[in-house]
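One structure is given below, encoded as structure tokens.
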Amino acid sequence: MLQQIHYQALRPQTTAHLAQTMTLLSLTVDELRNQIETELSNNPALELVEERRCPTCRRLLPKQGICPVCSCPQNNEPVVFVSAREDFYFGGERTDDDYPENDFPVVEDKLPTYVLRQVASELTREELSVAAYLLTHLDDDGLLTVPLAEIARYCHVSLLFVQRIQQIIQRADPIGVGSTSPQEALLVQLDVLSESRKVPQLARDMIMEAMNLLSRRQYAELARQFHVPIRQVQQVAHFISENLNPFPGRSSWGDGRQSNGSRTNVYRHPDILIYYVNDDPSGQLMVEIIMPISGTLQVNPLFRQALQQTSGENREACKEDLERASLFVKCLQQRNHTMKRLIQRVVSLQRDFILYGEEHLNSITRVQLARELDVHESTISRAVANKTVQLPNRKIIPLSAFFDRSLNVRSVLCDLISKETKPLSDSELAELLAARGFQVARRTVAKYRAMEGILPAHLRRAVSISK
DNA sequence: CTATGGCACGGATT
DNA sequence: AATCCGTGCCATAG
């Protein structure tokens with residue numbers, strides 16, 4: 001990556017500029033941070049100038065910016081801005097400003113921090129420290145490695161207290177995380193799932209009473225024990241393996257399907273935050289593009305001066321450094337500018353989706369957006385790829401979800417099925433969807449159903465009866 | 001005969 | 001140029 005940039009810096013300015021901007025555009029906060037840090041330490045011409053904070057709300061400000069939160073007039077358009085929040089993310093020097101997020105106990109691993117950030121808002125300081133301790137004892141599967149009692153002892157709190165915190169943690173994003181066993185994780189997931197859709201009672205019973213048989217797939221034995229036909233056991237087992245994950249730590253983003261196990265960057269900091277001022281839904285909607293460093297990057301003016309006075313072979317090297325530095329700064333600005341325009345447009349197009357949920361997602365394609373913003377479509381692709389957004393409800397979703405043509409259809413489909421009185425067949429569902437303006441083929445309904453882990457119509461009947 | 005899942009094709013996306 | 005996704009056709013199960 002670095003060599004690439006060195007190489008590009010030698011090329012004509014415009015090409016290099018373009019190429020590096022592209023590269024930067026496709027980086028996530030974490031990657032960008034690395035990039036900036038290496039560049040900073042390799043290039044003496046680059047400097048990081050001191051951060052400024054808004055006098056009223058103490059938010060970190062860009063070098064010449066005014067505070068976007070305090071100074072902006074209340075209006076209908078979401079405010080989009082770039083912010084530097086190094087301490088927010090990376091547990092840097094803690095300051096006494098008013099970010100509750102800064103009170104995070106520092107946890108190194110990715111999964112623990114990810115979970116902690118979700119639950120932090122609903123916990124007191126004391127609870128947070130217990131939560132942090134609990135989260136530091138997770139294995140790679142997201143399961144707890146020490147007994148609850150031990151945590152209670154270590155933190156000098158009651159067992160009940162720890163249990164309560166564990167329950168909150170278990171309901172955070174990789175649902176079931178922080179459970180003491182795969183079994184417990186499954187049960188928690190089942191609980192959460194049952195809030196939104198029908199869940200076979202048999203599944204719960206089987207997990208609770210015959211976990212070992214289940215994990216060994218001894219369906220015949222299960223059928224005997226629960227006095228149900230073996231087919232039904234298989235259905236339930238299918239349901240479980242489709243929808244539940246005994247190892248929450250291994251699950252991929254929100255969608256349990258296509259568990260391509262090679263997802264390393266699953267627990268990531270969001271690249272963009274969308275929220276209301278003070279969490280007040282009637283307030284101004286803010287969109288914050290995260291910069292992983294605080295302060296502003298600029299070319300060191302002293303270095304520029306020094307260049308005038310140096311001579312000889314040093315001069316060439318310095319000059320190169322200087323050029324690379326100014327290029328880097330320029331590219332970074334370009335990147336942020338593009339991101340800003342992009343997200344501005346996306347948010348205003350998908351406002352309803354952000355506010356009211358998946359069903360209101362508009363179908364927009366990257367190409368469409370590229371035309372509107374008058375940039376090349378690959379620019380959009382790069383900017384969207386691998387980025388994540390935190391919504392006002394604190395859910396973290398991939399930015400590409402805003403471009404998912406099928407998400408809204410899927411959620412409407414789920415809605416239809418959850419409200420159905422008798423099990424509807426796929427073709428009936430297809431008609432209903434068409435009536436609601438979603439033109440999808442019967443075959444596609446089947447696919448979506450599978451994606452959402454909903455059983456076929458004739459099996460749904462069997463399930464609801466046994467319930 | 002009907003409902004569903006598998007395979008493969010074509011267009012969109014990256 | 002490679003990959004993903006919606007869809008049509010066909011085989012199979014009920």
Side-chain angles (χ1 to χ4, degrees), chain A residues 18-19 21-28 31 219 228-239 241-243 252-263 265 271 335 338-339 342 345-346 349-350 358 361-373 375-388 398-414 416-417 420 422-434 436-465:
Chain A
L18 210 68
T21 307
M22 282 302 177
T23 315
L24 290 179
L25 199 60
S26 62
L27 298 182
T28 65
E31 292 159 350
Y219 299 140
V228 293
I230 188 163
R231 240 175 34 79
Q232 195 180 342
V233 172
Q234 283 167 347
Q235 287 157 19
V236 171
H238 179 254
F239 172 85
S241 70
E242 283 291 309
N243 297 292
S252 56
W253 275 108
D255 357 296
R257 65 209 81 121
Q258 322 141 346
S259 41
N260 40 347
S262 59
R263 302 289 286 272
N265 54 348
D271 300 277
R335 171 200 195 263
T338 311
M339 284 300 288
L342 168 67
R345 190 72 192 124
V346 169
L349 282 172
Q350 302 288 26
E358 297 180 343
L361 185 79
N362 284 317
S363 287
I364 52 174
T365 70
R366 294 164 174 78
V367 184
Q368 189 185 332
L369 200 68
R371 273 197 277 262
E372 287 183 26
L373 296 181
V375 292
H376 196 273
E377 52 191 80
S378 73
T379 310
I380 305 284
S381 273
R382 285 167 176 278
V384 167
N386 297 321
K387 300 253 173 24
T388 54
L399 181 54
S400 56
F402 286 95
F403 299 89
D404 191 330
R405 291 197 307 279
S406 71
L407 223 163
N408 51 350
V409 187
R410 285 211 301 269
S411 60
V412 172
L413 177 69
C414 288
L416 279 174
I417 291 176
E420 78 189 1
K422 74 176 174 59
L424 298 165
S425 74
D426 285 350
S427 35
E428 287 169 315
L429 286 169
E431 281 176 31
L432 279 171
L433 284 174
R436 293 199 180 197
F438 301 104
Q439 186 223 0
V440 281
R442 180 236 105 217
R443 186 64 190 81
T444 312
V445 173
K447 294 264 187 188
Y448 288 164
R449 215 170 24 70
M451 279 191 196
E452 302 292 342
I454 298 168
L455 291 167
H458 55 285
L459 297 189
R460 290 208 297 278
R461 176 192 295 278
V463 164
S464 53
I465 286 174

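All heavy atoms count here, side chains included; hydrogens, waters and symmetry mates do not. Only a predicted model underlies this, so the values are computations on that prediction, with no experimental measurement involved. Numbers restart at 1 for each chain; the letters A, B, ... are given by sequence-line order, proteins then strands.
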Worksheet item: NA contact type, A:S378, heavy-atom cut-off 4.0 Å: base, sugar-phosphate, or nothing?
Response: nothing
Worksheet entry | Minimal non-hydrogen separation, A:R449 against A:D426, with atom names | NE-OD1, 2.8 Å
Discussion item. Does a side-chain N or O of A:S381 approach OP1 or OP2 of B:dT13 to a distance below 4.0 Å, or not?
Written reply: no
Response to the item:
Here the distance between atom P of C:dG6 and atom CZ of A:F403, to the nearest Å, is 16 Å
Worksheet entry | Sugar-phosphate only, base, or nothing, as touched by A:V384 at under 4.0 Å among non-hydrogen atoms | nothing
Item to complete: Figure out the CZ/C1' separation between A:R442 and C:dG8, and round it to whole Å.
Response: 9 Å
Worksheet item: A:L369 CG to B:dT13 P: how many Å, rounded?
Response: 12 Å
Practice prompt. Write down the distance between CG (A:D426) and P (B:dG5), rounded to a whole number of angstrom.
Written response: 7 Å
Worksheet item: Whole-Å distance between B:dT13 P and A:D404 CG?
Response: 12 Å
Discussion item. What's the closest nucleotide to the side chain of A:P456 if the choices are C:dG6, B:dT4, C:dC9?
Written reply: B:dT4
Discussion item. Measuring from the side chain of A:S427 (C-beta onward, heavy atoms only), which nucleotide among C:dG6, B:dA3, B:dC7 has the closest atom?
Written reply: B:dA3
Worksheet item: Where the side chain of A:S425 is defined as all heavy atoms beyond and including C-beta, which of B:dC7, B:dA3, B:dG5 is the nearest nucleotide?
Response: B:dA3
Fill in: Among C:dG6, B:dC7, B:dT4, the one nearest A:R443 by side-chain distance
B:dC7
Worksheet, complete the sentence: A:A401 and A:L361 have their tightest heavy-atom pair at O-CD2, 3.7 Å
Response to the item:
Rounded to whole Å, the OH-P distance (A:Y448 to B:dT4) equals 17 Å
Practice prompt. Name the nucleic acid region contacted by A:R382, choosing base, sugar-phosphate or nothing; use a 4.0 angstrom heavy-atom cut-off, strictly under.
Written response: nothing
Item to complete: Could you state the atom-to-atom distance from CD of A:E428 to P of B:dA3 in whole Å?
Response: 7 Å
Worksheet item: Sub-3.5 Å donor-acceptor pair from the side chain of A:R436 to the main-chain atoms of A:V412, do we have one?
Response: no
Item to complete: Output yes when a side-chain donor or acceptor of A:N362 lies under 3.5 Å from a complementary backbone atom of A:Q350, and no otherwise.
Response: no
Practice prompt. Could you state the atom-to-atom distance from CZ of A:F402 to P of B:dT13 in whole Å?
Written response: 18 Å
Worksheet item: Between the side-chain atoms of A:R449 and the base atoms of B:dG5, is any donor-acceptor pair under 3.5 Å?
Response: no
Worksheet item: In a check of side chain to side chain contact (heavy atoms under 4.5 Å, CB included) between A:T379 and each of A:T21, A:L369, A:T338, which one passes?
Response: A:T338
